[in-house]
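Shown next, in C-alpha cells, is the structure this report addresses.
In what follows, chains are A, B, ... by sequence order, proteins preceding strands, each numbered from 1.
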2 protein chains.
Amino acid sequence: MQNIQSYVNQHKERFLNELIELLKIPSISADSAYKNDVLKTADEIKISLEKAGCNHVEICKTDGYPIVYGEKIIDKNLPTILVYGHYDVQPPDPLNLWNSPPFEPVIKNTELHPEGAIFARGACDDKGQMYMHVKALEFMTSTNQLPCNVKFMIEGEEEVGSVNLSKFVKTNQEKLKNDVILISDTGMISKDTPSITTGLRGLSYVEVEVTGPNRDLHSGLYGGAVANPINILSKMIASLHDENNHITIPGFYDKVEELSKAEREQMAKAPFSLENYKKALDIEAVYGEEGYTTNERNSIRPTLDVNGIWGGYTGEGAKTVIASKAYAKISMRLVPHQDWEEITQLFKKHFESIAPKGARVKVTPHHGGQGYVTPIDSIGYKAASKAYQDSFGKEPIPQRSGGSIPIVALFEQELKSKTILMGFGLDSDAIHSPNEHFGVWNYLKGIETIPLFYKYFTELSK
Amino acid sequence: MQNIQSYVNQHKERFLNELIELLKIPSISADSAYKNDVLKTADEIKISLEKAGCNHVEICKTDGYPIVYGEKIIDKNLPTILVYGHYDVQPPDPLNLWNSPPFEPVIKNTELHPEGAIFARGACDDKGQMYMHVKALEFMTSTNQLPCNVKFMIEGEEEVGSVNLSKFVKTNQEKLKNDVILISDTGMISKDTPSITTGLRGLSYVEVEVTGPNRDLHSGLYGGAVANPINILSKMIASLHDENNHITIPGFYDKVEELSKAEREQMAKAPFSLENYKKALDIEAVYGEEGYTTNERNSIRPTLDVNGIWGGYTGEGAKTVIASKAYAKISMRLVPHQDWEEITQLFKKHFESIAPKGARVKVTPHHGGQGYVTPIDSIGYKAASKAYQDSFGKEPIPQRSGGSIPIVALFEQELKSKTILMGFGLDSDAIHSPNEHFGVWNYLKGIETIPLFYKYFTELSK
C-alpha cells in the first residue's frame, strides 16, 4: 500500500483534533442524565463516516441508544470486513481523582508517551480506537486503495451490556453479512510488543440488596439485637471466596476448561514483570486464586469482584444508625464454556440461600455475555499478523485478555464469521479509571496498521 | 404542687407551637453546612430560658458549638438541680424515607398516639425532651412553686460525641456545682409502664479505610489478580464476629461484667413481646449473640455494628471497576468497666493486623464515651420514682438502656454527683431514623412529671 505513513503524518493534527471534538461529548450510556449527549455522539459518528467515504450511512433505532451503520461496497465479489466499535463511554467518577476534566481532552507527555497522550474519558475505550478505523477508511478511499468492501456497526450501549445489539444483529443478518469482523477495543502487551487478543472473558453483572429491619434504627437501642444488613452483606460477600480465593458458588467451576501445562507454559513466555506490575499499582503484593500466576488469574480463570457497595450513613461525621438496607454491585468474569446466564442463576440461587433469618435478599441480574476464544490459523488472524509485521516490524503475540466484549460470541453465532481483535491500547491507559488516556503514537499506529489488514485479508482471501 | 395539670392543659397549644418552631431549625451538628442553623438554635434556647424565668443565661463559647448555660438561684442553702440536654440533632437522611420533611414538623395521630405525635428530626432526641424542662421551669416560676435552685447546661455537640463538653465541665466545676443531674434523653418501656434508665452503654466510633491499587482499575483486566478493597473490607468486617456472633477482637470482653442469674431474671421481668418486636421491625427473626435474650443483647452486652459502608461505583447502571479504596464507619457499644479508649486501641490494633498483603488499612478513631450504671437507692432515684408515681399512678421500673450518653460518666467523675435519667420517649419514636416523632401525650406528661421531681428531691434532701 502506498504512502500510509506520509498521509498519516500530513493529516495527524486534524486526526487528533477531530477525535478531541468527539471526546468532548459526555456520551455516558449508564446515566440517563446524559441521554442527549449520547444521541449527539451518534449523529457525529454518522457525519464522520460519510466524510470518510461511506456511500451509505444510517442511524438505526433500537429500544435503547441507536446503532450507527455505514458501508462502502465496491464489488460484491470482493470480501467484506465488518468493523464494530462503540461510541458510549464509562461514567467518569470519582471525578476528584482526574487531573483534568474527563470531557475536556488535553494532550500531555508521559514517561510512556513522550509523543503525548490524549487524556479524556473514552480516549482509548472506545472512541479513540473506533475512530482509528474511520480515519483508516478515509486514507483508503481518498487514495483509491480500498481493496474490499467495508461495513461499520458502531453502537452506544457497550458499557451497559449491549442490551439491544443482539436483537439488531439477529434481525439484520443480511445487512451485516461479512467475511470477518474487525474490532479495536482491546490492548497490546507494550509499544514494542504488538499482540493480538485471541481470548476474552465472559461477564455476569448483578446487583444485590439486603434488607434487615423495615427502617433505619438507633444502633444503641437495637445494636446487637437485630441483623445489621451491612454486617450481613459483608459476611455474605466474604463467604463467596474460600481461604484459597476459590469461588464457593456451587457449580461455578463445572464448565471451566483447565489449560494444559503446555498452553500455560506458552502463556508464561509473554514478557511480564511482576515487580513493575506491583510498582505501577503501588501494591506490596498481588492477591488472587491459589495455584495460578497473575497473568493466568486475569485471563484464563473466572473471577468475582464487588464493583460497588453502599449502605447506612456515608456522609461527614458520625451517625449511630443501623441501616434498613445495604447494596452491592457484583460482577463475575467468566472463561469460555461458562454460560453467563447459567452462572447468573447459580449466583442468585446461592446468594439467596446463604441469607440468614432476619434478613431478606434480592438479587437483580444486570447484564452479561459469553467468553470467546479465536483460532490463530484463520485468514483473519494471518492477515492481522502480517499487518503488524509491516507496521511494527515484528510478529505480534497471541494473547488472552481478561476483559469482556460480550457481543463477540454473539457475532460468531449469528453472523457465522470470526472476529479479529486488533487492539492498540495499553494496560496503563487507565480505561474505566480516572485519567484515561490514549497514546498519540498508538492512535496513529493504529490508523497505519488497519489498512494493511484490509490489504492482506483481501489478498489471502483470493 | 398546685395545678400542674390545669396549667399544662391551659398552655399546651403554646407549648406545642414553641417546640415546633424550635424543630424547624436544622441544627445538624455532624454536617458543617448547617453551622448557622446550629448557632441560631443556641440563640433560641437562650431566649426560651430567659422567658422561663432564669435570672442569668449565657452562651458559652467552646472550640466547637456553644453551650447554653442558664440558672435560677433562689437560696444558696437549698439543693441545686443541674439539667443537661442537647439542641443539636442527627442528620435526617435517608430523606426519601420521610413521609413529611424532617424540618417541617407536623402533628399526626398514630395507633400508639391517638392524641397525636410531633413528626420532625429532633422531636424526641433531644429538642422535645430538653424543652420539657424549660416549660417545667416556666410553670414553677410563674406559679411561684420553684422549690430549689436550678441550672441548665444545653450543648450542641451530643450527636457528634460531645467533643468539647469535657473541657467545659472540667474548667467550670464551681459554676456547674449541683446536688443532682437531671437528663431526659432516654425512653421508657411504654406509656403505661414508666421506667427510669439506670444503665447506659459506652461507645467507641471509628472510621476505616482500605486501600488496594493506587487507582480504580478495569475489573476485566485486573479482576482476580489484585486485592479488591471492597472484597477485603467485607472479609475483614465479617471476621469481627464468630459463628456465635461473639466479637473476635482479642481482649474485647476482658472487662465485661457478667450479670448474676438473679439480675438477669430481674431484667427478664420487664414486659416485652418478641412477637410485637419482630412485627414492628418486619423481621422474621432476631439476630445476635448466642446465649443472650434480645433485651440482654441490646443492654448488658457489648456489640459491634457497621453504621455505614461505601466504595466503588454506586450510581445508576453498571461500572466494571475495581475501586482503589473502600470505607466503613463502625461503632461498638460498650458496657460498664469497658474503657472506650482502650477498646478503640484494641480495635485499631486488631483491624490493622488482619489486613492481607496487597491492601493497606487506616483506622481513624472518631469519638466515644464510657458506660454508666446508677444506683437505685439514691435520693435522686427515690425522688424520681415518687414523681412518676404521682403523675403515672404507678411505680417506675429501673431499666438498662442500650444507648449511650457518654457525658454521664464524665459528670459523675468531674462534678461528683449522680445523674437521674428521666426519659419520656418510646422505642417506636424512631430517633436517629426517618419519621422521628414524639407523642404529644409524652411531651405533656414530661412537663407534668418534672416539677414533681424538684418537689420530692428538695423534700428528701432536707
Side-chain angles (χ1 to χ4, degrees), chain A residues 30-31 90-91 160 205 213-228 230-231 234-235 237-238 281-288 294 297-298 301 303 305-322 331 333 357-358 366 402-404 431-433, chain B residues 30-31 90-91 160 205 213-216 218-228 230-231 234-235 237-238 281-288 294 297-298 301 303 305-322 331 333 357-358 366 402-404 427 431-433:
Chain A
D31 188 342
Q90 279 276 318
V160 290
Y205 199 111
N214 54 359
R215 58 183 167 91
D216 287 8
L217 300 173
H218 185 296
S219 68
L221 303 184
Y222 293 89
V226 298
N228 176 328
I230 302 176
N231 290 73
S234 300
K235 204 168 176 167
I237 288 170
L281 301 176
D282 186 23
I283 52 177
E284 189 193 340
V286 291
Y287 185 93
T294 292
R297 286 167 175 173
N298 63 23
R301 297 298 296 171
T303 58
D305 275 292
V306 181
N307 303 109
I309 192 166
W310 66 103
Y313 184 68
T314 60
E316 191 189 339
K319 187 163 188 251
T320 50
V321 68
I322 291 177
S331 67
R333 295 287 170 168
K357 273 193 168 188
H366 215 305
S404 305
I431 65 173
H432 291 212
S433 305
Chain B
D31 188 341
Q90 279 277 318
V160 289
Y205 199 111
N214 55 359
R215 58 183 168 90
D216 286 6
H218 185 297
S219 68
L221 303 183
Y222 292 90
V226 298
N228 176 329
I230 302 176
N231 290 71
S234 301
K235 202 167 177 169
I237 288 170
L281 301 176
D282 187 22
I283 52 177
E284 189 193 341
V286 291
Y287 185 92
T294 292
R297 286 167 174 172
N298 63 24
R301 297 297 296 170
T303 58
D305 275 293
V306 181
N307 302 111
I309 191 166
W310 66 103
Y313 183 67
T314 59
E316 193 188 338
K319 186 163 190 260
T320 48
V321 68
I322 291 178
S331 68
R333 296 286 169 168
K357 275 191 168 192
H366 214 302
S404 306
D427 271 7
I431 65 174
H432 290 212
S433 304

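Note: N231(A) leads N231(A), T294(A), V286(A) in heavy-atom pairs under 4.5 Å with chain B. If you tally non-hydrogen atom pairs under 4.5 Å between each of A318(A), G358(A), G315(A), S219(A) and chain B, the highest count goes to A318(A). Put simply, of A227(B), P213(B), A225(B), the one with the most heavy-atom pairs under 4.5 Å next to chain A is A225(B). Top candidate by heavy-atom pairs under 4.5 Å with chain A, chosen from G223(B), G402(B), G403(B), is G223(B). When each of V226(B), N214(B), N228(B) is scored by its heavy-atom pairs under 4.5 Å with chain A, the top score falls to N214(B).
Remark: side-chain polar atoms of N298(A) are not paired, donor with acceptor, to backbone N or O of G224(B) under 3.5 angstrom. The main-chain N or O of G312(A) is never found under 3.5 Å from a side-chain atom of N307(B) such that the two would form a donor-acceptor pair.
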I322(A) vs H432(B), test: side chain to side chain contact (heavy atoms under 4.5 Å, CB included). Steps then yes/no. CA-CA 9 Å; I322(A) 291 177; H432(B) 290 212; over 6 Å; no
Trace of the side chain to side chain contact (heavy atoms under 4.5 Å, CB included) decision for I237(B) with K235(A): CA-CA 7 Å; I237(B) 288 170; K235(A) 204 168 176 167; over 6 Å; no
Worked check of side chain to side chain contact (heavy atoms under 4.5 Å, CB included) between R215(A) and D282(B): CA-CA 9 Å; R215(A) 58 183 167 91; D282(B) 187 22; over 6 Å; no
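Considering OH of Y205(B) and NZ of K319(A), their distance stands at 9.0 Å, rounded to 0.5 Å. Atom OH in Y222(B) sits 14.0 Å away from atom OG1 in T303(A) (nearest 0.5 Å). Remark: Y313(A) OH to S331(B) OG distance equals 13.5 Å, nearest 0.5 Å.
For R333(A), the part lying under 4.5 angstrom from a heavy atom of chain B is the side chain only. Using a 4.5 Å cut-off between heavy atoms, L281(A) touches chain B through backbone and side chain atoms alike.
Side-chain contact between T320(A) and Q90(B) is present, with heavy atoms from C-beta onward closer than 4.5 Å. With a 4.5 Å cut-off on side-chain heavy atoms, D427(B) and H218(A) do not count as touching. Taking 4.5 Å as the limit, some side-chain heavy atom of I431(A) sits within range of a side-chain heavy atom of L221(B).
Across S234(B) and I309(A), no two heavy atoms sit closer than the pair OG-CD1, 4.1 Å. Of all heavy-atom pairs spanning A285(B) and K357(A), the tightest one is CB-CB, 3.7 Å.
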